[in-house]
Amino acid sequence: MPISRLSTLPVTLIAGSLLAGCATTRQIAVDYPKTETVAIKPLRGHSAVGGDDYYVQLVSDFEFKGDSALKGGCNEMGGHYENGDLSAALVFSVHNETLKLKREVSGFLYQATTGKCNFKLETKKANLTPWLRLDTSKDTLIDYNFLTSNSHEANLSQLVEDVNAASGLFALTGVGAGMAVMGKLAGNWVETSPQVVAKTPAASGKYSSESHSLPASVVLAGDSGNFNQSRLAVYEVVEGGLKAWSSEAKLLGELRIYPEVATSLLLKTAGDTTPDAHDLSLDELWRAPIQTANGEVSLLQLVNQVDPAAKPNLQPDWRNYEEVESQCRRLKLVMKDLGFNKFDRNAVLYYFLAKSPDWKNFNISAQKAMTDEIRPKLLEQYRAKDFSACLAAEDYAAMKSMRLPVNTGQDWDNLTSSRQKKEGVISPIQSAARQFLSALQNPNKDEAARQLYPLLNTEKSGNGSVLLQNHLSNFGLEALLQVPNIADDGVVVTAAQLANVFAALNVDSFSCARPAQEQGQPMANIGIMLFATKPGSPREKGGALEFELVQGKIGRLAFQHPSFRDFEQNLADYPDLGGCRIDAEFINRLH
């Protein structure tokens, strides 16, 4: 008997009838699919959708509508359905040529025999696909086949049993529970796994079928994409009885086909939330369970099963940058071929590289980069080893979004800029100090005066002059300068007078010069150096010399006690400042 066309339904229904004539019959009908398009959400904090952002799993689920079938009158006395063996089934056919994926999944099974209440409706949520990366899932196509039969010789329950058996076996391949791996390797597993084939009932005219294709569930275009969610309305249709030419359709429910998404860190993070990978270890990641055709294996075992030609060395010489970078790239490619997205890949890569000193140097913290133990030239060397043969800018961005402490290109630009600002403070002090010390250490007073002249300047007396202050004890500076007294704010002296003072002081050695500091920050125009004197000097042991720059020239000099500005504590807190390290032994000579 051909499938009935019901005028009461908005769209043609696919159905199998039970009996002809005036008998009361019951049948199951499925409406044509209705599709809803939903935009794929970009990850939080992002404006675009990337095929490497998400995993997606296509799911079917039966959603009941209205009263349950049992409320339809099973306890009522009276009419019942005539003799018949009705069975109806909907089976999905899923295929993805890229991954060599081909499988069938049952949507529902309906069976009914004589009697109003002798029926069975089996529905359950079913995973139509494994978890696939978004860019791979777009190649997945789904057809559905709706079959009905009114003969016990072509009962569709056996077909559904075979489909379910095949689906159960599929869950034990490399695409099952845990992390669903789909890529080149997993494709090989699917291709070589034993297959259970669902046997379609013999063509006997005792069943009817109709097949249709659903729209692609995942559509990507540039930086955006859409999910297509389909709904198949399922009806129970009663015909005949006292009203031979009438029919009544009741909506049982809808079969929904929709995507579920996960950003993962090995499938632990769902929705559009970025996984948090900051408190893990490589050992923990290696132990993550993966289902394969041979049972559950760890992620480490999975990686070790790849083709030896592609397999990375997971224990390289960590001090050999080129070797580590090369093995990083091999691991990255293997993880991508296995179907892992950028978050899972880069979490593994981060903790793999964590044993490399070059990796630690490249991801130096801003605080450590500002210390004077790390000179600008060394920072440049750190940045040069950026693992660019393995990692791209988007890899660093993915790591950073997972709260992993890495330096992106922007981070390095900021580090370099901050360091240059600091060097901009320190360099003028160091440059002036080098020229000043060169002049002071000249044993010839006249030559020393000529060297000092272009370095000194005061607003009051011009070039070759400097304001000299004494905050040390009275060591006879007035006598050395041949002045009656020195005011509290100091006295302006010439380059020649200054050369005479230092010649008379009989200095044994000078320390390097470093910026003075206030609240831990180097001052841009004031430097300090220490000097130690020889026996018989007017200033026993020595002291500190502070100099102040005004428009690039020294406008003020002050003899200071080493404790001035808490200089000694500053040396303890910052032993190396601007490349100047003063040993404790030098300070002890001044006590």
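What you see below is based on every heavy atom in this structure, not just the backbone, and it leaves out hydrogens, waters and symmetry mates.
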Would Phe352 and Leu285 count as a side chain to side chain contact (heavy atoms under 4.5 Å, CB included) here? Give the steps. CA-CA 10 Å; Phe352 171 75; Leu285 294 175; over 6 Å; no

Distance col, row Leu300:CG vs Leu314:CG, nearest 0.5 angstrom, shows 6.5 Å

I'd like to know if the side chain of Thr129 and the backbone of Leu58 have a donor-acceptor N/O pair within less than 3.5 Å. yes

Point-to-point distance, once rounded to the nearest 0.5 Å, from NE2 of His278 to CZ of Arg403: 4.0 Å

Is there a ring pair (Phe, Tyr, Trp, His ring centres under 6.0 Å) between Trp131 and Phe340? Walk through the geometry before answering. CA-CA 10 Å; Trp131 287 103; Phe340 293 97; over 10 Å; no

Mind listing the closest non-hydrogen atom pair of Met402 and Thr274 along with its distance? CG-CG2, 4.0 Å

Side-chain (Lys342) to main-chain (Asp52) donor-acceptor, under 3.5 angstrom: no

CG on Leu333 to SG on Cys328, rounded to 0.5 Å: 9.5 Å

Give me the atom names and distance for the closest heavy-atom approach of Pro312 to Val334. CD-CG2, 4.0 Å

Step-by-step side chain to side chain contact (heavy atoms under 4.5 Å, CB included) determination, Ile364 to Leu415: CA-CA 10 Å; Ile364 187 172; Leu415 268 181; 4.1 Å; yes

Considering all heavy atoms, the nearest Pro33-Tyr144 contact: CD-OH, 3.2 Å

Within the side chain of Arg103, is there an N or O that forms a donor-acceptor pair under 3.5 Å with the backbone of Leu128? yes

Once ring pair (Phe, Tyr, Trp, His ring centres under 6.0 Å) is applied, do any residues pair with Trp412, and if so which ones, sequence neighbours excluded? Phe362

Where do Leu220 and Gly51 come nearest, in terms of heavy atoms and distance? CD1-CA, 4.1 Å

Looking at Ala309, is its backbone amide N or carbonyl O close enough to the side chain of Arg330 to form a donor-acceptor pair, meaning the two atoms are under 3.5 Å apart? yes

Run the side chain to side chain donor-acceptor pair (under 3.5 Å) check on Asn96 and Asp139 step by step: do they pass? CA-CA 6 Å; Asn96 185 313; Asp139 298 324; 5.2 Å; no

Minimum side-chain heavy-atom gap Val261-Ile40 below 4.5 Å: no

Treating Tyr54 as the side-chain partner and Lys41 as the backbone partner, does any N or O pair qualify as donor plus acceptor under 3.5 Å? yes

Show the nearest heavy-atom pair for residues Phe227 and Leu134, with the distance to one decimal. CE2-CD1, 4.0 Å

Apply the side chain to side chain donor-acceptor pair (under 3.5 Å) test between Gln410 and each candidate in Asp413, Asn414, Thr408; give the one that qualifies. Asn414

Sequence neighbours excluded, the answer for ring pair (Phe, Tyr, Trp, His ring centres under 6.0 Å) partners of Phe387 is Tyr321, Trp359

Counting only N and O atoms by type, is there a donor-acceptor contact under 3.5 Å from the side chain of Glu323 to the main-chain atoms of Asp317? yes

Going by heavy atoms in the side chains, are Val348 and Trp286 under 4.5 Å from each other? yes

Do Met399 and Leu349 come within less than 4.5 Å of each other through their side chains, counting heavy atoms only? yes

Tell me the closest heavy-atom pair linking Tyr396 and Asn407, and the distance in Å. CD2-O, 3.9 Å

Taking atom NE2 of His95 and atom OG1 of Thr140, what is their separation to the nearest 0.5 Å? 9.5 Å

Let me confirm one number: the CD-NZ distance from Glu104 to Lys102, rounded to the nearest 0.5 Å. 8.5 Å

So, do Asn363 and Pro405 sit near enough that their side-chain heavy atoms are less than 4.5 Å apart? no

Between the main-chain N or O of His212 and the side-chain N or O of Tyr32, is there a donor-acceptor pair closer than 3.5 Å? no

Drop me the distance from Asp358's CG to Glu325's CD, to the nearest 0.5 angstrom. 9.5 Å

Phe146/Leu232 under side chain to side chain contact (heavy atoms under 4.5 Å, CB included): CA gap, chis, key distance, verdict: CA-CA 11 Å; Phe146 179 62; Leu232 299 170; over 6 Å; no

Between Val218 and Leu132, is any pair of side-chain heavy atoms under 4.5 Å apart? no

Does atom CZ (Arg329) have a neighbourhood of more than 12 heavy atoms from anything else shown, all under 6.0 Å? no

Lys/Arg N to Asp/Glu carboxylate O, Arg231 vs Glu63, below 4.0 Å: yes

Student check: side-chain heavy atoms of Asn228 and Leu214 closer than 4.5 Å: no

Can a side-chain donor-acceptor contact be found between Ser281 and Asp283 if the only test is distance below 3.5 angstrom? no

Has Asn341 got a side-chain atom pairing as donor or acceptor with Asp53's backbone, closer than 3.5 angstrom? yes

Can you check whether Ser230 reaches Pro215 side chain to side chain, under 4.5 Å on heavy atoms? yes

Any Leu280 side-chain heavy atom under 4.5 Å of Tyr350 side chain: no

Assess the side chains of Tyr55 and Asp344: does a donor N or O sit below 3.5 Å from an acceptor N or O? yes

Given Leu353 and Leu391, is the side chain to side chain contact (heavy atoms under 4.5 Å, CB included) satisfied, shown in steps? CA-CA 11 Å; Leu353 292 170; Leu391 302 176; 3.9 Å; yes

